[in-house]
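Take a look at the structure set out below.
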2 protein chains.
Amino acid sequence: MEKHCCHSPLSEESAKELLGHSGLNRTKVKVRILLELSKSSRPLSVQDLHEKMKQSCDVSTIFRTIAQFKEKDLIQEVNLDEGFFRYEMSHQENKNKKSPQHNHHHHHVRCRECGDIQQIEKCDLTAFEKAIAKLGFTEMEHRLEFTGLCSRCA
Amino acid sequence: MEKHCCHSPLSEESAKELLGHSGLNRTKVKVRILLELSKSSRPLSVQDLHEKMKQSCDVSTIFRTIAQFKEKDLIQEVNLDEGFFRYEMSHQENKNKKSPQHNHHHHHVRCRECGDIQQIEKCDLTAFEKAIAKLGFTEMEHRLEFTGLCSRCA
DNA sequence: GTAGCTGCAAAACGTTTGCATGTGA
DNA sequence: TCACATGCAAACGTTTTGCAGCTAC
């Protein structure tokens, strides 16, 4: 269990490279969003991004960009029951595979009081998944999110 | 692992009793919502309820009622990443205690294709919760939701 | 009688879309 | 040049709120 994300902030160059590899144009907005996501230690909402970019682009553009990034598996959507989504850089263990299982799989703990978000690295749910497979389900994905009170708020 | 919910549909009488015990008025709408939730084998959205009640009351009333029921722990909110919430009857193991831990804790599997929802009875995440406690978090709650393809859709 | 419930209308919120203009390759 | 990206405005679906009238107790 580690406190912070394991990826490192992208440089402008590497962000552009990443966009190129994904077949996306290297526009100002796309680069900027990648930089903000890659340097954040926690998943960001569209509002977060809009503020960090000082409203220099429209939220609709952010949503459209996010949609493209999701499709290319550059980022992952995170749902912490806040009424909106957050997004974080994908951490792919094997860059050749695109299925969700091949992303560096992890979850989050969020403090119900102050909203602090920490990352949980380990994910071993094999017993659950086997049991559900017995119900006839395949291609399983799961989401496991914790909330609690962090030490400051307890 | 069981397929269906373990609670039984309420009678009109028992619904009124439940409302009385919770200090809520025994109005037509409140009784009706309790009956619909208690007889459903899966969590219902506000839209679901509105349709089942044949639009005989306003959605805003349903939302307000739902909020009261949640506060009194009569129902639980379920988030299956559909863009809206669902609600189901609480299954309290110990009716004297009100903390989330004392609800009959369970989760769901939802088919990404047809939306079928099944219930998972077991919930053993002690290893996870202990690890997170080490991060300094207390009063933990968690949400574990699976999606996959059910046998019909695979 | 009064606190609480309801319907209606309007608004809030996150998100999506259409369209006209602007930009990257 | 031309597909793609963007800003703006308008719409969407879910949820919340204000207010006036109604109902349970």
Side-chain angles (χ1 to χ4, degrees), chain A residues 12-13 15-36 43-72 74-88 115, chain B residues 12-13 15-37 43-72 74-87 115:
Chain A
E12 185 142 345
E13 285 322 301
K16 286 181 178 170
E17 215 173 298
L18 196 51
L19 290 170
H21 286 152
S22 305
L24 298 170
N25 282 357
R26 302 151 195 234
T27 66
K28 232 171 272 184
V29 173
K30 285 187 168 62
V31 169
R32 189 70 196 281
I33 292 179
L34 275 186
L35 293 183
E36 291 297 345
L44 298 177
S45 66
V46 168
Q47 290 307 326
D48 289 342
L49 283 166
H50 196 224
E51 280 159 30
K52 281 178 187 293
M53 297 168 75
K54 292 176 187 130
Q55 285 87 29
S56 64
C57 81
D58 196 80
V59 284
S60 69
T61 304
I62 301 181
F63 276 109
R64 278 191 268 233
T65 306
I66 287 293
Q68 291 176 305
F69 287 179
K70 260 200 295 180
E71 191 154 343
K72 301 292 184 184
L74 295 180
I75 62 173
Q76 298 296 127
E77 196 171 66
V78 176
N79 185 340
L80 294 172
D81 247 341
E82 299 165 291
F84 51 83
F85 292 109
R86 292 177 176 274
Y87 303 90
E88 64 183 10
Chain B
E12 186 143 343
E13 284 323 301
K16 285 180 180 171
E17 216 174 298
L18 197 50
L19 290 169
H21 286 151
S22 305
L24 298 169
N25 283 357
R26 301 152 196 233
T27 67
K28 231 171 271 184
V29 172
K30 286 186 167 61
V31 169
R32 189 69 196 283
I33 291 178
L34 275 186
L35 293 183
E36 291 298 345
L37 287 174
L44 298 177
S45 66
V46 168
Q47 290 307 326
D48 289 341
L49 283 165
H50 196 224
E51 280 158 31
K52 281 179 188 293
M53 296 167 75
K54 292 179 186 124
Q55 285 87 30
S56 65
C57 80
D58 195 79
V59 283
S60 70
T61 303
I62 301 181
F63 276 108
R64 279 191 267 234
T65 306
I66 288 292
Q68 291 176 303
F69 287 179
K70 260 201 293 182
E71 190 155 343
K72 300 293 185 185
L74 294 180
I75 62 173
Q76 298 296 126
E77 195 171 68
V78 176
N79 183 340
L80 294 172
D81 244 342
E82 298 166 292
F84 51 82
F85 292 108
R86 291 176 177 274
Y87 303 91

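Note on naming: letters A, B, ... go to the chains in the order of the sequence lines (proteins, then strands), and numbering restarts at 1 for each one.
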Next item on the list: Can you spot which of A:Leu74, A:Val46, A:Val78 makes a side chain to side chain contact (heavy atoms under 4.5 Å, CB included) with A:Tyr87?
Entry: A:Val46
Using a heavy-atom cut-off of 4.0 Å across all strands, would you classify [X] as base, sugar-phosphate, or nothing?
{"X": "B:Phe63", "value": "base"}
{"X": "A:Arg64", "value": "base"}
{"X": "A:Gln68", "value": "sugar-phosphate"}
{"X": "A:Lys28", "value": "nothing"}
{"X": "B:Ser45", "value": "nothing"}
{"X": "B:Asp58", "value": "base"}

Checklist line | Closest-nucleotide 5' rank along DNA chain D - winner of B:Ser60 and B:Gly83 | finding: B:Gly83
Checklist line | 5'-most by nearest nucleotide on DNA chain D - B:Val59 or A:Thr65 | finding: A:Thr65
Between atom [atom1] in [X] and atom [atom2] in [N], what is the gap in whole Å?
{"X": "A:Ile66", "N": "D:dT6", "atom1": "CD1", "atom2": "P", "result": "12 Å"}
{"X": "A:Gln55", "N": "D:dT6", "atom1": "CD", "atom2": "P", "result": "17 Å"}
{"X": "B:Lys16", "N": "D:dT23", "atom1": "NZ", "atom2": "P", "result": "16 Å"}
{"X": "B:His50", "N": "D:dT14", "atom1": "NE2", "atom2": "P", "result": "12 Å"}
{"X": "B:Lys30", "N": "D:dA24", "atom1": "NZ", "atom2": "C1'", "result": "10 Å"}
{"X": "A:Phe85", "N": "D:dT14", "atom1": "CZ", "atom2": "P", "result": "13 Å"}
{"X": "A:Phe84", "N": "D:dT15", "atom1": "CZ", "atom2": "P", "result": "15 Å"}

Notebook entry, point to check: Where does the chain A footprint on DNA chain C start and end, counting 5' to 3' with a 4.0 Å heavy-atom cut-off?
Noted result: C:dG14 to C:dA25
Checklist line | Candidate nucleotides D:dC4, D:dA24, D:dT14, ranked by approach to the side chain of A:Asn25 - the nearest | finding: D:dC4
Margin query: Please determine whether side chain to side chain contact (heavy atoms under 4.5 Å, CB included) holds for the pair B:Thr65 and B:Thr27, giving the CA-CA distance in whole Å, both sets of side-chain angles, and the decisive distance to 0.1 Å.
Written below: CA-CA 10 Å; B:Thr65 306; B:Thr27 67; over 6 Å; no
Rounded to the nearest 0.5 Å, how far apart are [atom1] of [X] and [atom2] of [Y]?
{"X": "B:Ile62", "Y": "B:Arg64", "atom1": "CD1", "atom2": "CZ", "answer": "11.5 Å"}
{"X": "B:Phe84", "Y": "B:Asp48", "atom1": "CZ", "atom2": "CG", "answer": "7.0 Å"}
{"X": "A:Leu19", "Y": "A:Leu34", "atom1": "CG", "atom2": "CG", "answer": "5.0 Å"}
{"X": "B:Glu12", "Y": "B:Lys28", "atom1": "CD", "atom2": "NZ", "answer": "10.0 Å"}

Checklist line | Contact list for residues 49-58 of chain B, test side chain to side chain donor-acceptor pair (under 3.5 Å), sequence neighbours left out | finding: B:Asp58-B:Ser60
